[in-house]
Amino acid sequence: MTNKERYESAREMYKSIGVDTDKALETLKSIAISMHCWQGDDVTGFDQDGPLTGGIQTTGNYPGKARTPQELMADMDKVFSLVAGKHKINLHASYAIFEDGEFADRDALEPKHFKKWVEFAKERGLGLDFNPTFFSHPKAAQYTLSSPDEEIRQFWIRHGQACIRISQYFAEETGMPCTMNIWIPDGLKDVPADRLGPRARFKDSLDQILSIDYDKSKVYVCLESKVFGIGMESYTVGSSEFCINYAATKDGIIPLMDNGHYHPTEMVSDKISAMLLFHEKMVLHVTRPVRWDSDHVVLFDDETKEIAKEIVRNDALNRIFIALDFFDASINRVSAWVVGMRNMQKALLFALLIPNKELKAMQDSSDFTRLMMMQEEIKTYPFGDVWDYFCESNGVPSRESWFAEIEKYEAEVQSKRN
Ligand code: RNT
Ligand code: ZN
């Protein structure tokens, strides 16, 4: 049977439970996922040679890592040839591209240092998101925006402000809003003597960053919380309470939840609905924490599906920006990207193929016996037939056939990088 024939038979089955597969495919095609640039080079960036700091870590040394902007862009092109739809690229400030020996420190970055990225995105019809980089820098030794050293703190405030200007440039050039995510690694390894001081300084720094004049309809500044980092086990300045309260009480900033940034039994899928009642918009970093914030590749697993369900059944596709955040250096990095992107799409499709209205009605009428039965039966509906057809009809390989492209790319391109 062809993919199309299998799709047609699946369409009938889904129709019998009230699900319109054609509509689901159309919706899925329109969802832009923000693909993080940092999976391609283990969060190295191009503006410095030092190690990755900030309490985050990549592990593994699979060969073929991108070493230059050109290589990173080529790798991204390979990914986008294997993932259906039009997406966004999520850049970090440390991926500035300097020409002819010029250099600008983080507080002096300008739109021109990202011109190459804008050209790359525009040629491909992709959007751009942005992140100031408050780590992997000599001035980010312990604290950044919460630093007791006023000179250091002002340096990072200027960095945040510079990044807003760059984000606005991205939005204006691409014609798509740019989310700009603030995440700082500030924290302490051991028991603090003062938890309030650093948080008060962080709050003031954010106020100063947001005080510059910019177009709030083009740049969505967001704030990412965290529970701990390596070497910052005892205290994180930008905790969940800090970030959610700040975003709830301040104009022009929206919350970002990374599902690796909570205690292991806390689920972001359970937090989304509460956030939606108090925030017009929010951003997600979809990742896979294995025992800690390990940033493993996103799988088609229960929590990813549950997150997608919350976005879809709460009608929040226009309110929640979906970004990926993982970095695995132990496998082919381009394959890691493709697997993660395709899995996020699979999770969204899976959610779009659920008769959500009917299931909600079962819950409201306390028909829990039927609800459990139906939720379980849906799991073995011919989801794969719809997914394969989505890939084929959008011009990308279906099932595992895309992997031949990775093998070829590895042999011809990545293996020559040494
Ligand atoms: C760190 C945060 C943050 C980073 C990226 C590189 O724990 O998740 O989002 O992963 O900015
Ligand atoms: Zn994150």
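Numbering of ligands and ligand atoms starts at 1, following listing order. Since we're looking at a predicted model, the values are computed, not measured.
- Excluding waters, the set of protein N/O/S atoms under 2.8 Å from the Zn ion (ligand 2) reads Glu224 OE2, Asp258 OD2, His285 ND1, Asp325 OD2.
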Step by step, would you call Arg153 with Ser205 a side chain to side chain donor-acceptor pair (under 3.5 Å)? CA-CA 8 Å; Arg153 192 169 77 94; Ser205 299; 2.9 Å; yes
I'd like a table of donor-acceptor pairs (distance under 3.5 Å, sequence neighbours excluded) in which one partner is a side-chain atom from residues 224-231, with atom names and distances.
unit_1 : atom_1 : unit_2 : atom_2 : d
Glu224 : OE1    : Asn181 : ND2    : 2.9
Glu224 : OE2    : His285 : ND1    : 3.1
Lys226 : NZ     : Asp293 : OD2    : 3.2

Could you list, one pair per line, each nitrogen or oxygen of ligand 1 together with any protein nitrogen or oxygen closer than 3.5 Å, giving atom names and the distance rounded to 0.1 Å?
unit_1   : atom_1 : unit_2 : atom_2 : d
ligand 1 : 7 (O)  : Lys226 : NZ     : 2.6
ligand 1 : 7 (O)  : His261 : NE2    : 2.9
ligand 1 : 7 (O)  : Asp293 : OD2    : 3.2
ligand 1 : 8 (O)  : Glu224 : OE2    : 3.0
ligand 1 : 8 (O)  : Asp258 : OD2    : 3.0
ligand 1 : 8 (O)  : His261 : NE2    : 3.0
ligand 1 : 8 (O)  : Asp325 : OD2    : 2.8
ligand 1 : 9 (O)  : Glu224 : OE1    : 2.7
ligand 1 : 9 (O)  : Glu224 : OE2    : 3.2
ligand 1 : 9 (O)  : His285 : ND1    : 3.2
ligand 1 : 9 (O)  : Asp325 : OD2    : 3.0
ligand 1 : 10 (O) : Asp325 : OD1    : 3.1
ligand 1 : 10 (O) : Asp325 : OD2    : 2.8
ligand 1 : 11 (O) : His92  : NE2    : 2.7

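- In this structure, Phe135 has its ring center closer than 6.0 angstrom to the ring center of Trp183.
- For Phe98 and His113, the ring centers sit closer than 6.0 Å to each other.
- Proximity of a side-chain donor or acceptor of Arg288 to a complementary backbone N or O of Val298 within less than 3.5 Å is not detected.
- Cation-pi check for Lys271 over Tyr262 is met; the charged atom lies under 6.0 angstrom from the ring centroid and within 45 degrees of its normal.
- Residues Ile166 and Leu91 have side chains not in contact (no heavy-atom distance under 4.5 Å, counting atoms from C-beta outward).
- Side-chain N or O atoms of Lys346 include none that pairs as donor or acceptor with a backbone N or O of Leu299 at under 3.5 Å.
- Shown here are the ring-ring contact (aromatic ring centres under 6.0 Å, His included) partners of Tyr409, two or more places apart in sequence or in another chain: there are none.
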